[in-house]
Amino acid sequence: MFKTDYCGDLRVSDEGREVTLAGWVNRRRDQGGLIFIDLRDSRGLVQVVIPSEEAQAHAVASEARGEYVVRITGKVQRRRAGTENDKLPTGEIEVRATAAEIMNSAKTPPFYINEDADVDEQLRLKYRYLDLRRERMTRNMVIRHQVVKYIRDFLTDRNFIEVETPVLANPSPEGARDYLVPSRNYPGNFYALPQSPQQFKQLLMVAGFERYFQIARCYRDEDLRADRQPEFTQLDLEMSFVEQDDILQLMEDLYTGIGAAVRPDLSIPAPFPRLTYAESMRRFGTDKPDLRFGMELFDLTNAVRGTEFIVFKSAVDSGGAIEGICVTGGAAFSRKEIDALTEQAKQLGAKGLVTIAYNAAPEAATEDDIKSPVLKHLGLDMIRSIGKLADAKAGDLVLIVAGVGGVPVKEPGSVTRVKPALDALRRGLAEKLELADPNTLLFAFLVDFPLFEWNADEERWDATHHVFTSPKPEDIDLLNGDDLGSVRSNHYDITCNGWEIGSGSIRIHTRELQQRIFDVLKFSDEDTKMMFNHMLEAFQYGAPPHGGIAPGIDRTVALYAQESDIREVIAFPKTKSAQDLMTGAPLPVEQRALDDVWIQLAPKKD
RNA sequence: GGCCCCGUGGUGUAGCGGUCUAACAUGCCACCCUGUCACGGUGGAGAUCGAGGGUUCGAAUCCCUUCGGGGUCGCCA
C-alpha cells in the first residue's frame, strides 16, 4: 500500500501518529512560506500543512495543482486553537508534512470537482469518471451500495436466496420493445435481453426454492425519461405459498428498514396507506399519486348538469366528464400565471381550462368577489355551488377541465384526457407552491388493478401488468363476459411521492387458468406454443401458489438520496437517446461481425 | 413520433439588431504573502457566440434548416 490511512478517517485520536496519505489535491492555499493542501480520497478530506522549513515537501507542494495525485508523509497534530474547521469531520486536526511526492499530474478538469456547481449534463456524462469524483456523486454511489447491502442482508435473514437468471433470454411478444441479440448459430434467430426475469423467477418457484430474489439488470428499448433508462436494476423477488398481504408487509418492513439504516433523518410514515386503483384514479387521476399534499380531484359532472354553458353542456351530453382541483391561495395568481396553467392544460390534452378565483368564501361571494372568464356563462349560483363542491376558501383558485365522450381516447378534449391533465397540473402546482415535504418519503400500496386494458390502436385487450397475473377469484366469472375491463386482478404497486417504485402480483399457477387467459387475450396457439409453452408445461408439475414484486433499485436509491433523476444514482447512465457519451456506444461494427450473425443492414431511411 | 426549453472564453452566466474590437463570476498562468480553509493581493492569457443557410448597410441578437442535451405527451405489462 502506498498509504497508511485514509484522509477522511483521521481524528483527534490519531494525534501524534506518523501517517502516509495518498489522494487528490482538492484545493491548495499557498501563503508563500506556508502552503495548505486539502487532500481528498475516497473517505473524505484532511488538511495538510506544509511549512517552508520542510524544504522538500514545500517544493513539491508548490508544484501541486488541483486534482494532482500526491502522496504525503507527516505527523497528525491538533490544529492551533482558533483554527479548527467545524465544517470538516477532520477539522480538529491536520497533518504536518515531512515528505511529499507527486504521483501523477492532472490537466485542469473540464468542470469543478471540488464544488457542487451545476454543470452541463453532456459534459458530466462525457467525463463521467470525473463527475463521479465529485462529493455528490460519491455520496450517491455509497448510498446505493448501502441500500443494496441492506436489501441483501434483510432478505437473506428471511430465508431468501439470490439466484442469477440469464441475460441472453427469450424474446417476448408483448410489453416493451426488446433489445435483440442475434444468434450466430441459428441464422435469423435472436435472443432478447430480459425486460425482467419474470418467467425465470416463476420457474424457480416451480423448482421449489420458495423464496428467491435477485438484484437484476433489466432492459427495455423504449423512449427514456428522468426515471427511465434503457437498462435499469430491479430487486426481483418471488415467494411461494403467500398472499398479497404477505408481500406488501414484507415491502413495508424492507422500505422502512432501509430508511432507518441509510437515512434516519428522513420521515417514512408507516403503515403505508393502501388505495385501490379505482380510488386513486378518482381522487388523484393517476395510479401513482403523491400523497404528501391534498389538492384532490373532484367531479362536477352531475353538479353542472343542466347548464347552458356550451363547454360543460357538450361534455355532459356526450357522456364525458367535468372535473377540477382547488388550489389553496391560487386566487393571488397573476394573469400570466393563469395563462401559463391554461397553456399547460392544453398541452396535456385538455381542450381548455376553466378558472374561477374566489376572493370570498363561495357561499358569501358576490360577483365582485369572483374572477373568472365564465362568470357570465355559469351564473353566480353555479359558481357558488362549484366553489362549495370544491371546498374552496376565500383566496382559492378552482381549475376545471371538461372532456367529451364518444371520441377517440387519445384525442385532445376527450374524456380520457381529463384526469391526466389534472394530475399533471396538480403535480406542477405542488412543485411551484412547494406543497410536498422533501424530507418525507410517503410510500403507498395500490391494489385491485384491472386485469386487462383496452388497446385502442390494436383493437384488442392487453394484460395491464403481464399475462401471468391472476384475476381476483370473485371476478373470474367475468372472464366469460364482454366487459373485460371490469375484471380486477391480484396486481399491486408500491409507490412513493408520485413515483411508481415497483409492481407485483399473485401469479397464475395452474395450466388451466393460464390457458384461459391466453384464450381471452386471443393469443394464437402457435404463439403460445413458441413463447409460453415452457410455462404451461411447468404448471403441470406441481407448481405452488406464488407471487412476488419487483421494485426498481434506481428509483429506490434516488428516493433515499433525494435525487429526482435516476441518472444521478447510476454510475454510467445513458442519455435520453440511449447513448453512452463516454464510450460512444452504440457504435458501428465491422462487416465481418455482421456476417457472423447473419445481419444485413437495410439502407438508411431519409 | 408531437410539443416545449437550452446550446456565448475551461466552467457557470449576462448581452437579445449597430455603443459587442462580447461583459461578470469562477477557473487557468506569473509574481507577492508563515495559519489559511470558497485564503488574500497585483498582473496576464483565454470565446467570433453549436453548425449551415438566409434577411439586413450591419446579426451572438431576427428567420429557416440541421446537430446535440434536457423536459413532457404518446410509448414504457
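Residue numbers begin at 1 in each chain, while the letters A, B, ... track the order of the sequences. Excluded from the calculations below are hydrogen atoms, water molecules and symmetry mates; all remaining heavy atoms, backbone and side chain alike, are included. All figures in this text were calculated on a predicted structure; none of them were measured in a lab.
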Any ion pair linking [Y] and [X] (charged N to carboxylate O, less than 4.0 Å)?
X	Y	value
A:R11	A:D14	no
A:R40	A:E135	no
A:D448	A:K472	yes

Distance check needed: [N] [atom2] versus [X] [atom1], whole Å only.
X	N	atom1	atom2	result
A:K346	B:C73	NZ	P	19 Å
A:R225	B:C3	CZ	C1'	12 Å
A:K576	B:C4	NZ	C1'	10 Å
A:E121	B:G50	CD	C1'	18 Å
A:Q347	B:G71	CD	C1'	11 Å
A:E115	B:A25	CD	C1'	11 Å
A:E431	B:G71	CD	P	13 Å
A:R28	B:G27	CZ	P	12 Å

Reckon [X] has a side-chain N or O less than 4.0 Å from the OP1 or OP2 of [N]?
X	N	answer
A:R29	B:G35	no
A:Q31	B:G41	no
A:R567	B:G71	yes

Where the side chain of [X] is defined as all heavy atoms beyond and including C-beta, which of [options] is the nearest nucleotide?
X	options	answer
A:Q77	B:C75, B:U26, B:G35	B:G35
A:Q122	B:C76, B:U36, B:G69	B:G69
A:K87	B:A38, B:G27, B:C37	B:A38
A:L123	B:A38, B:U11, B:C76	B:U11

Open item on the list: Are B:U11 and A:F111 stacked, with the base six-membered ring and the side-chain ring centres under 5.5 Å apart and planes under 30°?
Closed with: no
Assign [X] to base, sugar-phosphate, or nothing according to its heavy-atom contacts below 4.0 angstrom with the strands shown.
X	value
A:D118	sugar-phosphate
A:N455	nothing
A:G175	sugar-phosphate
A:A176	sugar-phosphate
A:T108	sugar-phosphate
A:A424	nothing
A:R79	base

Presence of donor-acceptor pair under 3.5 Å, side chain of [X] and base of [N]:
X	N	result
A:D120	B:G12	no
A:R220	B:C76	no
A:R65	B:C29	no
A:D38	B:C37	no

Open item on the list: Using Watson-Crick or G-U wobble geometry with both distances under 3.5 Å, which nucleotide pairs with B:C3?
Closed with: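 Checking every strand shown, B:C3 finds its partner in B:G71, with both distances under 3.5 Å.
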Task: Pairwise 5' ranking along RNA chain B for A:L34 and A:Q195, keeping only the more 5' one - done: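 On the 5' side of the pair lies A:L34.
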Task: Closest-nucleotide 5' rank along RNA chain B - winner of A:T575 and A:P110 - done: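 Final value for this comparison: A:P110.
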Open item on the list: Is it the case that atom NZ in A:K351 sees more than 12 heavy atoms from other parts of the structure closer than 6.0 Å?
Closed with: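 Open: at most 12 neighbouring heavy atoms sit under 6.0 Å from NZ of A:K351.
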Task: A:D118 atom CG: more than 12 heavy-atom contacts under 6.0 Å - done: no
Task: A:F452 side chain reached by A:L479 side chain, heavy atoms, under 4.5 Å - done: yes
Task: Pair A:T233-A:R217, side-chain donor/acceptor within less than 3.5 Å - done: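 Indeed, the side chains of A:T233 and A:R217 share at least one donor-acceptor pair under 3.5 Å.
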